[in-house]
K.L.:
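The structure under discussion is supplied below as C-alpha cells; questions concerning it will follow.
Counting starts at 1 for both ligands and their atoms, in listed order. In what follows, residues are counted from 1 in the order of the sequence shown.
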Amino acid sequence: KENESLRGVKVLVTAAGTVEPIDPVRYIGNRSSGKMGYAIAAEAVSRGADVVLVSGPSALIPPEGLKEFIPVESAREMMDAVLREAEDSRIVIKAAAVADYHAKEVADQKIKKNDKELTLVLEKNPDILFELGKRKKEGQVLVGFAAETQNLIENAKAKVEKKNLDYIVANDVTKPQAGFNSETNLIKLIRRDGSIEEFPLLSKRELAGIILDRVIEEKKIQKI
Ligand code: C5P
C-alpha cells in the first residue's frame, strides 16, 4: 500500500538557486542544482501531500503530481511566492540557495567592456526564511538548510534561533559527494532543542524520506 502519511497536508518546498540579474544577458548565481529540493518535493508527493514547489532556474524536470510548480528567478520573486504560499502550508522546507545580494542597479542594455575595472554595487536581499519565522503560525513546521564551509554546527544552530526554525539540515559543502549538484548528501539534522542527528552518505531521495519521517513523527503531522 502507498504511504499516505501526508494525505491532505500542504507542503511548501523551495529549491535551486536564485539568479540576480546584472543586465539583460548576465546574472549572479550559485552552484545549487535543485536536486535536494526536488527530491523532497517528489517524496512529499509520494506520501500524498499537496506540494507546492517554488524553484529557481534548474535543469531538473519538476516531479509529477505537484499541486503547483512556481518557477522564479530572483530572491525577491521567490519571497513573493513563498510568503503567499506559506500562509496555509503546514510544512515549509526551504532547500533553495537564496542569493544574499542583488545588483543595486540592473542595466537596461548589455554592459560594454572597456579597459577599466568594473564595479558592481550589491544590496542585501531579504531573508525569506527569517520572514517566515516571524510569521510562523501555530502548528506550522519550518525546516531550513544550511550549507556551510566552516563551523557547521555552530552556524547552523545560530540560524535555528535567529530564523525561528524547527529544524535545520546542515551540510558541509566542502566534503566530496555532499551538497551542490551531487546525487548524494551528508547531512546533520539539528532540532530546535539543540539535539543533532547525523546520517551517513545517502541519496538525496533517501534523505528526503528521513527528513519527512522525522517531521511527521515528532510534530505529529495530520491533516488539518
Ligand atoms: O543564512 P543562510 O543563507 O545560510 O541560511 C540558509 C537557509 O535560509 C536556507 O534554508 C535558505 O533557503 C534560507 N534563506 C532564505 N533567504 C535568504 C537567505 C537564505 O530564505 N535571503
Side-chain angles (χ1 to χ4, degrees), residues 11-21 27-41 44 51-58 60 70-87 89 91-104 122-136 140-175 178-181 185-192 196 204 207-208 211-212 214-215:
V11 179
L12 173 61
V13 181
T14 71
T18 63
V19 300
E20 309 295 328
Y27 60 79
I28 301 170
N30 63 65
R31 295 184 188 282
S32 173
S33 64
K35 283 177 185 165
M36 191 67 231
Y38 279 55
I40 292 167
V51 182
V52 175
L53 175 60
V54 178
S55 177
S58 167
L60 301 175
I70 307 178
V72 297
E73 297 206 333
S74 68
R76 288 164 294 169
E77 278 172 39
M78 182 172 276
M79 177 147 104
D80 288 345
V82 166
L83 294 185
R84 185 178 71 238
E85 293 297 330
E87 282 284 317
S89 291
I91 302 171
V92 182
I93 304 183
K94 285 233 62 207
V98 184
D100 292 318
Y101 295 90
H102 63 266
K104 185 173 180 185
L122 303 181
E123 272 181 340
K124 210 54 198 293
N125 274 333
D127 189 321
I128 305 167
L129 198 46
F130 178 78
E131 295 301 325
L132 286 175
K134 279 204 299 200
R135 293 164 168 77
K136 189 158 81 173
Q140 195 173 52
V141 182
L142 276 187
V143 184
F145 273 71
E148 302 286 353
T149 56
Q150 52 185 354
N151 303 329
L152 179 70
I153 302 277
E154 204 179 302
N155 285 330
K157 277 187 171 170
K159 282 173 198 176
V160 172
E161 284 299 319
K162 179 173 174 244
K163 304 192 191 197
N164 193 22
L165 307 179
D166 298 283
Y167 298 90
I168 200 152
V169 179
N171 64 304
D172 181 344
V173 289
T174 64
K175 297 265 163 65
F180 296 128
N181 210 16
N185 212 349
L186 253 183
I187 66 163
K188 296 180 171 72
L189 185 68
I190 302 175
R191 296 182 186 76
R192 201 180 172 78
I196 301 173
K204 288 182 174 176
L207 290 168
I211 294 164
L212 290 175
R214 294 298 180 278
V215 171

K.L.:
Around atom CZ of F180, are there more than 12 heavy atoms of other residues, nucleotides or ligands at under 6.0 Å?
P.N.:
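For F180, atom CZ is crowded (more than 12 foreign heavy atoms under 6.0 Å).
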
K.L.:
Which part of I168 is near ligand 1, with near meaning a heavy atom under 4.0 Å away: side chain, backbone, both or neither?
P.N.:
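For I168, no heavy atom sits under 4.0 Å from ligand 1.
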
K.L.:
Can you pull out the closest protein heavy atom to atom 8 (O) of ligand 1? Residue, atom name and distance to 0.1 Å, please.
P.N.:
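Answer for atom 8 (O) of ligand 1: K163 NZ, 3.0 Å.
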
K.L.:
Quick check: does K94 get an N/O under 3.5 Å from an N/O on ligand 1?
P.N.:
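It does: an N or O of K94 is found under 3.5 Å from an N or O of ligand 1.
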
K.L.:
Among all residues two or more places apart in sequence or in another chain, which pass the side-chain hydrogen bond (donor to acceptor under 3.5 Å, both in side chains) test with K94?
P.N.:
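If we apply the side-chain hydrogen bond (donor to acceptor under 3.5 Å, both in side chains) test to K94, skipping adjacent residues, there are no hits.
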
K.L.:
One residue to check: N125. Relative to ligand 1, which of side chain, backbone, both or neither has a non-hydrogen atom less than 4.0 Å away?
P.N.:
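For N125, no heavy atom sits under 4.0 Å from ligand 1.
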
K.L.:
Using distance alone, decide if ligand 1 has a nitrogen or oxygen within less than 3.5 Å of any nitrogen or oxygen in L129.
P.N.:
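Between L129 and ligand 1 (N or O atoms, distance only) the closest approach is under 3.5 Å.
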
K.L.:
Name the one of R214, R191, K136 that satisfies salt bridge (charged side-chain N to carboxylate O under 4.0 Å, His left out) with D166?
P.N.:
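The single option meeting the salt bridge (charged side-chain N to carboxylate O under 4.0 Å, His left out) with D166 is K136.
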
K.L.:
Going by distance only, is there an N or O of A96 that falls short of 3.5 Å from an N or O of ligand 1?
P.N.:
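For ligand 1, there is an N or O atom that lies under 3.5 Å from one belonging to A96.
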
K.L.:
Checking T14 side chain against A96 main chain: does a donor-acceptor pair fall under 3.5 Å?
P.N.:
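Checked: pair present.
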
K.L.:
Among all protein heavy atoms, pick out the one at the shortest distance from atom 6 (C) of ligand 1; state its residue, atom name and that distance to 0.1 Å.
P.N.:
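Going by distance alone, atom 6 (C) of ligand 1 is nearest to F145 O, 2.8 Å.
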
K.L.:
Return yes when P126 approaches ligand 1 closer than 4.0 angstrom through a heavy atom, no otherwise.
P.N.:
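Flag set, P126 near ligand 1.
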
K.L.:
Is N30 reaching over with its side chain to a backbone N or O of A99, donor-acceptor style, under 3.5 angstrom?
P.N.:
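Such a contact is absent between N30 side chain and A99 backbone.
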
K.L.:
Which atoms of ligand 1 have any heavy atom of G144 under 4.0 Å away?
P.N.:
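Heavy-atom distances to G144 below 4.0 Å select 10 (O).
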
K.L.:
For ligand 1, which atoms sit closer than 4.0 Å to a heavy atom of D100?
P.N.:
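Checking each atom against D100, I get 18 (C).
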
K.L.:
Among protein heavy atoms, which sits nearest to atom 2 (P) of ligand 1, and what does the distance come to when rounded to 0.1 Å?
P.N.:
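Closest protein heavy atom to atom 2 (P) of ligand 1: K159 NZ, 3.4 Å.
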
K.L.:
Among protein heavy atoms, which lies nearest atom 16 (N) of ligand 1, and at what distance?
P.N.:
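Sorting protein heavy atoms by distance from atom 16 (N) of ligand 1 puts I128 N, 3.0 Å first.
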
K.L.:
Other residues, nucleotides and ligands only: do more than 12 of their heavy atoms fall within 6.0 Å of CZ on R31?
P.N.:
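At most 12 heavy atoms, drawn from other residues, nucleotides or ligands, come within 6.0 Å of this atom.
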
K.L.:
Quick test of your reading: applying side chain to side chain donor-acceptor pair (under 3.5 Å), list the pairs with at least one residue in residues 72-82, sequence neighbours left out, ordered by first then second residue.
P.N.:
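Pairs touching residues 72-82 that pass the test: none.
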
K.L.:
Given side chains that start at C-beta, do those of R192 and N164 come closer than 4.5 Å, heavy atoms only?
P.N.:
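In contact.
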
